[in-house]
Amino acid sequence: MPDSPQPLNTEAPSEHHPDLDLYDSLRLMEVFIDDQRAAVAAVRAAAPALAAAVDAALPRLVAGGRLLYAGAGTSGRLGVLDSVELVPTFSWPRERAVAVLAGGEGAMFVAVEGAEDDEPQGRRDLEALAPTPDDVVIGIAASGHTPYVLGALAAGRAAGALTVALANNPGAAVLAASDHPILLDTGAEVISGSTRLKAGTAQKIALNSFSSALMVRLHKVHGNLMVDMKATNAKLVRRAVALTMRASAADEPAARAALERCGFHVKTAIVMLRRAIDAEAARALLARHAGNLRRALAER
């Protein structure tokens, strides 16, 4: 008889905690939390690959490209989450961060069995976004062999888009199918095969780090301040005021007044206050420096 196929690392039975079901609640918490350290270590090992992907993606986004995410199950939901959060955090246009999920939008809330196995649908869903060579397609799959993600990556490559893949198993098909493979080798799970645990954590860290690094490189952060956020609720209005005060050394009334004159855009308010100019002039100054606040403030 032929040998049985070797299980993927993420699906192999863990050699640790074989009596997990006998642990009390405190011991369970300690075990689950301690195991997450492997997620951080896996992403840290992938830092050079992630940095290379950032450098490759940056000129495409400067040229007007989009971030297009594709995944299934937990991996796909993490892609959706990353795409959604870029809008309020960095004022990234919603149409430039789009995620496709196996099973469609409803799969965000209810598991759609079998959807991840549909490679042609992954291709069609990505093609429906009309990818271009300026776009960056990010395929996410814990197993690394998800057909839906392979279809989406194939559609991206056919269109000339840059392709990035995140997977938690060495030798994964999605890694071989991408321009920038990101291996997050988290190994076996405490609950064997449940990749919503540290494999999912590693994906979340990697996605956060990748997109946040891009936003920093795109001048949406000044120092370590989030100066390109959207103040869409009371909490964020307070945050915008605090950020403006910190970066401009203005008091609260002056910071709030400047924000009110520029539609609560933190970066513009800082220029207004630091350069003693109005909102229109501040916007023009920022535009001359492609949104780079540091250079706008240094112009003589």
Side-chain angles (χ1 to χ4, degrees), residues 6-16 31-57 67-86 97 99-102 116 122 136-153 156-157 162-216:
Q6 287 294 107
L8 300 172
N9 285 0
T10 52
E11 297 175 7
S14 174
E15 296 179 1
H16 304 289
V31 167
F32 285 129
I33 292 166
D34 287 348
D35 198 51
Q36 296 293 326
R37 294 174 182 169
V40 177
V43 183
R44 186 67 183 82
L50 283 163
V54 168
D55 289 341
L67 294 168
L68 307 178
Y69 302 74
T74 298
S75 299
R77 295 183 191 103
L78 289 170
V80 172
L81 185 62
D82 202 66
S83 71
V84 168
E85 290 179 344
L86 293 179
V100 294
L101 179 62
E116 69 178 54
V136 180
V137 177
I138 307 160
I140 316 152
S143 71
H145 299 279
T146 306
Y148 180 88
V149 177
L150 287 167
L153 286 170
R157 295 195 85 172
L162 182 76
T163 53
V164 178
L166 277 62
N168 296 83
N169 286 293
V174 300
L175 300 179
S178 68
D179 301 311
H180 285 271
I182 312 294
L183 172 62
L184 307 171
D185 193 2
T186 44
E189 298 283 359
V190 170
I191 297 178
S192 299
S194 180
T195 52
R196 65 181 291 270
L197 298 174
K198 65 184 172 189
T201 300
Q203 292 174 350
K204 180 71 164 65
I205 297 170
L207 287 167
N208 273 179
S209 301
F210 175 73
S211 60
S212 295
L214 281 169
M215 295 300 116
V216 173

Looking at side-chain heavy atoms only, is the closest gap between Leu153 and Val137 below 4.5 Å?
-> yes
Nearest heavy atoms of Ala141 and Val149, plus distance in Å | CB-CG2, 4.3 Å
Evaluate the side-chain proximity of Leu197 to Ile191: yes if any heavy-atom separation is below 4.5 Å, no if none is.
-> yes
Contact check, side chains of Ser75 and Tyr148, non-hydrogen atoms, under 4.5 Å = no
Is a side-chain donor or acceptor of Glu116 paired with a backbone partner of Ala102 at a separation under 3.5 angstrom?
-> no
For Arg196, which residues count as a salt bridge (Lys or Arg N to Asp or Glu O under 4.0 Å) partner, sequence neighbours excluded?
-> none
Any idea which heavy atoms bring Arg77 and Leu101 closest together, and the distance?
-> N-CD1, 3.8 Å
In sequence, state the C-alpha distance, the side-chain angles, and the governing distance for Val31 and His16, and then conclude on side chain to side chain contact (heavy atoms under 4.5 Å, CB included).
-> CA-CA 10 Å; Val31 167; His16 304 289; over 6 Å; no
When you look at Asn168 and Thr195, which way does the side chain to side chain contact (heavy atoms under 4.5 Å, CB included) test go after all the steps?
-> CA-CA 9 Å; Asn168 296 83; Thr195 52; over 6 Å; no
Evaluate the criterion side chain to side chain contact (heavy atoms under 4.5 Å, CB included) for residue pair Arg157 and Asp179; output intermediate values, then yes/no.
-> CA-CA 9 Å; Arg157 295 195 85 172; Asp179 301 311; 3.1 Å; yes
Test side chain to side chain contact (heavy atoms under 4.5 Å, CB included) applied to His180 and Leu162, Leu166, Thr163, the passing residue = Leu162
Point-to-point distance, once rounded to the nearest 0.5 Å, from CG of Leu184 to CD1 of Ile205 | 9.0 Å
With rounding to the nearest 0.5 Å, note down the distance linking CZ in Arg44 to CG in Leu50.
-> 10.5 Å
So do the side chains of Val174 and Thr146 get within less than 4.5 Å of each other, counting heavy atoms only?
-> no
Taking all heavy atoms of Ala202 and all of Val43, pick out the closest pair and write down the distance.
-> O-CG2, 3.3 Å
Taking the side chain as C-beta and beyond, is there a heavy-atom pair between Leu8 and His145 under 4.5 Å?
-> yes
Where the side chain of Ser83 meets the backbone of Val80, is there a donor-acceptor pair that is under 3.5 Å apart?
-> yes
Hey, is the main chain of Thr186 close enough, under 3.5 Å, to the side chain of Lys198 for a donor-acceptor pair?
-> yes
Side chain proximity check, Leu67 to Leu86, heavy atoms < 4.5 angstrom = yes
Residue pair Leu183 / Pro170: nearest heavy atoms and the distance that separates them | CD1-N, 3.6 Å
Would you check if Asp82 and Phe210 make a side-chain contact, meaning some heavy-atom pair closer than 4.5 Å?
-> no
Return the minimal non-hydrogen interatomic distance between Gly144 and Ala167, and the atom names on each side.
-> CA-CB, 3.7 Å
Of the non-hydrogen atoms in Ala142 and Asn169, which two are nearest, and what is the gap between them?
-> O-ND2, 3.2 Å
